[in-house]
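Sequence positions, counted from 1, serve as the residue numbers for this chain.
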Amino acid sequence: MPIINRIAEFHEEMTGWRRDIHAHPETAFEEHRTSQFVADRLTEFGIEVHRGLAGTGVVGTLAGARGDGPSIGLRADLDALHIEEKNDFEHRSQVPGKMHACGHDGHTSMLLGAAKYLAETRNFAGTVRFIFQPAEENEGGARVMVEDGLFEQFPMEQVFGMHNMPRVEIGEMAVRSGPMMAAFDIFEIRVTGHGTHAAAPHLGSDAIVAAAEMVTALQTIPSRVVDPQESVVVTVTQIHGGDTWNVIPEDVTLRGTVRAFLPEIQELAEASVRRIVAGVAATHGLEAAVDYERRYPPTINHDAESELAARVAAEVVGAENVHRGLHPKMAAEDFSFMLNERPGCYVWLGNGPGEGGCLLHNPHYDFRDEALPVGASYWARLVETRLAP
């Protein structure tokens with residue numbers, strides 16, 4: 001695969017960056033050390049640095065040899081997860097209860113590698129924005145950066161993202177137009193009945209029975225409400241209620257998530273959750289309230305930018321190693337907020353087979369350092385192609 005020779009020369013340096021970041025994980029909006037690390041490297045490369053968007057966000061700006069062309073953005077995420085690492089290698093997490101279990105350490109290092117190369121060569125006409133974003137996991141750091149004025153302060157015509165993907169081989173990439181990742185909605189259902197002795201259920205209104213029926217009834221949304229040709233997932237992930245064996249509790253709380261690729265399916269799913277909960281509550285003669293929150297919109301790639309990304313990926317890893325037909329994932333990604341503001345494309349980079357539990361959000365996960373020059377080369381070629389002199 002034609003990895004850029006100069007990037008291959010500092011592969012060991014990128015590996016050092018990645019392992020340093022891995023050993024010092026920081027979670028959402030607390031990425032102070034990581035942010036400083038990134039800002040220091042960009043400054044060393046001679047890149048203009050801005051800090052403070054979304055608190056710990058960093059934006060580097062680099063003009064090419066000819067600065068009269070368009071401006072594009074490349075984004076990497078900074079944050080780690082609240083997971084206790086179970087690896088025993090030297091660069092394992094030094095922070096109890098936190099680890100880079102999703103490869104953001106690799107994403108940051110690959111973008112730094114591309115920045116180093118592009119700062120040395122500047123073989124492009126226009127401007128590159130290197131976007132290092134906090135709080136991708138659950139907290140919507142991309143949304144906050146957009147709200148803080150990312151695209152107003154740093155104008156760009158297009159924006160591009162990348163994520164590693166276990167079970168895709170190193171040296172392979174995947175890209176598709178249209179939906180790439182699902183929307184991330186959450187719900188909380190509070191069921192309020194009339195508590196009573198467990199031996200006399202007829203004297204109360206059993207919130208547990210009603211909640212159990214709701215769990216089952218919610219599964220009719222994907223099976224009986226949404227068109228079978230569309231995709232939606234409705235999952236109850238938490239049930240809380242009761243304190244002892246012989247008391248039917250007054251209250252039960254259900255929490256869960258809804259995933260979909262299309263906004264109209266989100267609308268239908270939310271309306272269905274509310275309808276089903278109200279109906280079951282009425283049947284059992286008790287009260288129920290629903291809090292429904294839209295966390296992340298679906299990540300939807302734009303057509304022209306997807307074709308550009310696929311062409312560049314083919315130049316780096318070979319056309320035979322670019323997957324165009326992989327199914328979109330029901331996981332979510334807050335890069336969607338940026339794609340809602342500017343056209344762009346989000347791609348997947350192979351991170352190996354995922355053996356031994358090396359899967360995303362797993363306590364045994366570790367980003368594969370062999371992938372670093374592949375991702376950095378993709379970023380660099382994307383800039384040199386899109387901003388060709």
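Between the side chain of Ser35 and the main chain of Thr56, a donor-acceptor pair closer than 3.5 Å is present. A donor-acceptor pair is defined here as one N or O able to donate and one able to accept, closer than 3.5 Å; such a pair exists between the side chain of Asn321 and the backbone of Val317. The main-chain N or O of Gly325 is never found under 3.5 Å from a side-chain atom of His323 such that the two would form a donor-acceptor pair. Within the 3.5 Å criterion, the main-chain N or O of His22 finds no donor-acceptor partner in the side chain of Arg19. Counting only distance, with no hydrogens or angles, the side chain of Thr257 and the backbone of Asp185 share a donor-acceptor pair below 3.5 Å. Under a 3.5 Å cut-off, the side chain of Ser205 and the backbone N or O of Leu286 do not form any donor-acceptor pair. In this structure a side-chain-to-backbone donor-acceptor pair under 3.5 Å is present from Ser377 to Ile4. A distance-only check finds no donor-acceptor pair linking the side chain of Asp77 to the backbone of Gln133 [under 3.5 Å]. Listed for the Arg122 side chain is a donor-acceptor partner under 3.5 Å among the backbone atoms of Ala63. In terms of modelled atom types and a separation under 3.5 Å, the side chain of Asn351 and the main chain of Phe367 share no donor-acceptor contact.
Checking Arg129 against Thr61 by side-chain atom types alone, a donor-acceptor pair falls below 3.5 Å. One side chain, Thr192 or Asp251, offers a donor N or O that lies under 3.5 Å from an acceptor on the other. Using a 3.5 Å distance cut-off with no hydrogens or angles, the side chains of Thr34 and Glu26 do pair a donor with an acceptor. For Gln158 and Arg342, the side-chain atoms include no donor-acceptor pair closer than 3.5 Å. No side-chain N or O of Asp369 forms a donor-acceptor pair with one of His11 less than 3.5 Å apart. When only modelled atom types and interatomic distance are considered, His107 and Asn164 share a side-chain donor-acceptor pair under 3.5 Å. Tyr117 and Asn123 share no side-chain donor-acceptor pair at under 3.5 Å.
Nearest heavy atoms, Ala217 versus Val280: CB-CG2, 4.5 Å. Minimum heavy-atom separation, Ala309 to Val175: CB-CG2, 4.3 Å. Considering every non-hydrogen atom in both Gly141 and Ala54, the closest pair reads O-CB, 4.1 Å. Nearest heavy-atom pair, Ala182 versus Arg259, reported as atom, atom and distance to 0.1 Å: CB-CB, 4.0 Å. Nearest heavy atoms, Pro249 versus Gly241: CG-C, 4.3 Å.
With a 6.0 Å radius and a threshold of 12 heavy atoms from other residues, nucleotides or ligands, Glu320 has its CD atom above the threshold. Counted within 6.0 Å of CD on Glu250, heavy atoms from surrounding residues, nucleotides or ligands total more than 12; the atom is thus considered enclosed. Heavy atoms of other residues, nucleotides or ligands lying less than 6.0 angstrom from CG of Asn246 number more than 12. Within a 6.0 Å radius of CG in Asn5, other residues, nucleotides and ligands contribute 12 heavy atoms or fewer.
With hydrophobic clusters built from ILVMFWY side chains whose heavy atoms lie under 4.5 angstrom apart, Leu42 shares a cluster with Leu372.
Between the OH atom in Tyr378 and the CG atom in Leu382 there is a gap of 4.5 Å [rounded to 0.5 Å]. Within the model, atoms CE of Met14 and OG1 of Thr108 stand 13.0 Å from one another, a figure rounded to the nearest 0.5 Å. One distance of note links CZ of Arg386 with CZ of Phe124; it measures 12.5 Å at 0.5 Å rounding. In this structure, CD1 in Ile189 is found 10.0 Å from CG in Asp291, a value given to the nearest 0.5 Å. Between the CZ atom in Arg255 and the CZ atom in Arg190 there is a gap of 9.5 Å [rounded to 0.5 Å]. Atoms CZ and CD, on Arg368 and Glu169 in that order, are 8.0 Å from each other to the nearest 0.5 Å.
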Under 3.5 Å, which donor-acceptor pairs do the side chains of residues 94-102 form with other protein atoms, sequence neighbours left out?
| residue | atom | partner | partner atom | Å |
| --- | --- | --- | --- | --- |
| Gln94 | NE2 | Arg92 | O | 2.9 |
| Lys98 | NZ | Thr27 | OG1 | 3.3 |
| Lys98 | NZ | Glu30 | OE1 | 3.3 |

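Residue Met156 belongs to a hydrophobic cluster whose other members are Leu53, Val59, Ile131, Met145, Val146, Leu150, Phe151, Phe154, Val159, Met165, Val168, Met180, Met181, Leu326, Phe335, Met338, Leu339, Tyr346, Trp348, with links defined by side-chain heavy atoms closer than 4.5 Å. Annotation for Phe29: hydrophobic cluster partners, listed by chain and number, are Val144 (ILVMFWY side-chain heavy atoms under 4.5 Å, direct or chained). Through chains of ILVMFWY side-chain contacts below 4.5 Å, Tyr296 is grouped with Phe184, Ile186, Phe337. Members clustered with Phe89: none, using a 4.5 Å side-chain heavy-atom cutoff among hydrophobic residues.
Not counting sequence neighbours, Asp148 has no partner by the side-chain hydrogen bond (donor to acceptor under 3.5 Å, both in side chains) test. Judged as a side-chain hydrogen bond (donor to acceptor under 3.5 Å, both in side chains), and not counting sequence neighbours, Glu139 has no contacts. By the side-chain hydrogen bond (donor to acceptor under 3.5 Å, both in side chains) test, His361 is found to be paired with Glu137, residues two or more places apart in sequence or in another chain being considered.
Contacts classified as salt bridge (Lys or Arg N to Asp or Glu O under 4.0 Å) and involving residues 39-57 (residues at least two apart or in different chains) are given here: Arg41-Glu44. Pairs of residues two or more places apart, or lying in two chains, that qualify as salt bridge (Lys or Arg N to Asp or Glu O under 4.0 Å) and include a residue from residues 264-282 are Glu267-Arg294, Glu270-Arg274, Glu270-Arg294. Sorted by first and then second residue, the salt bridge (Lys or Arg N to Asp or Glu O under 4.0 Å) pairs with a member in residues 102-114 read Arg18-Asp105; sequence neighbours excluded. Residue pairs meeting the salt bridge (Lys or Arg N to Asp or Glu O under 4.0 Å) criterion with at least one member in residues 223-239, sequence neighbours excluded, do not occur.
Between Phe10 and Trp17, the angle of the ring planes lies from 30° to 60°, which puts this pair in the tilted group.
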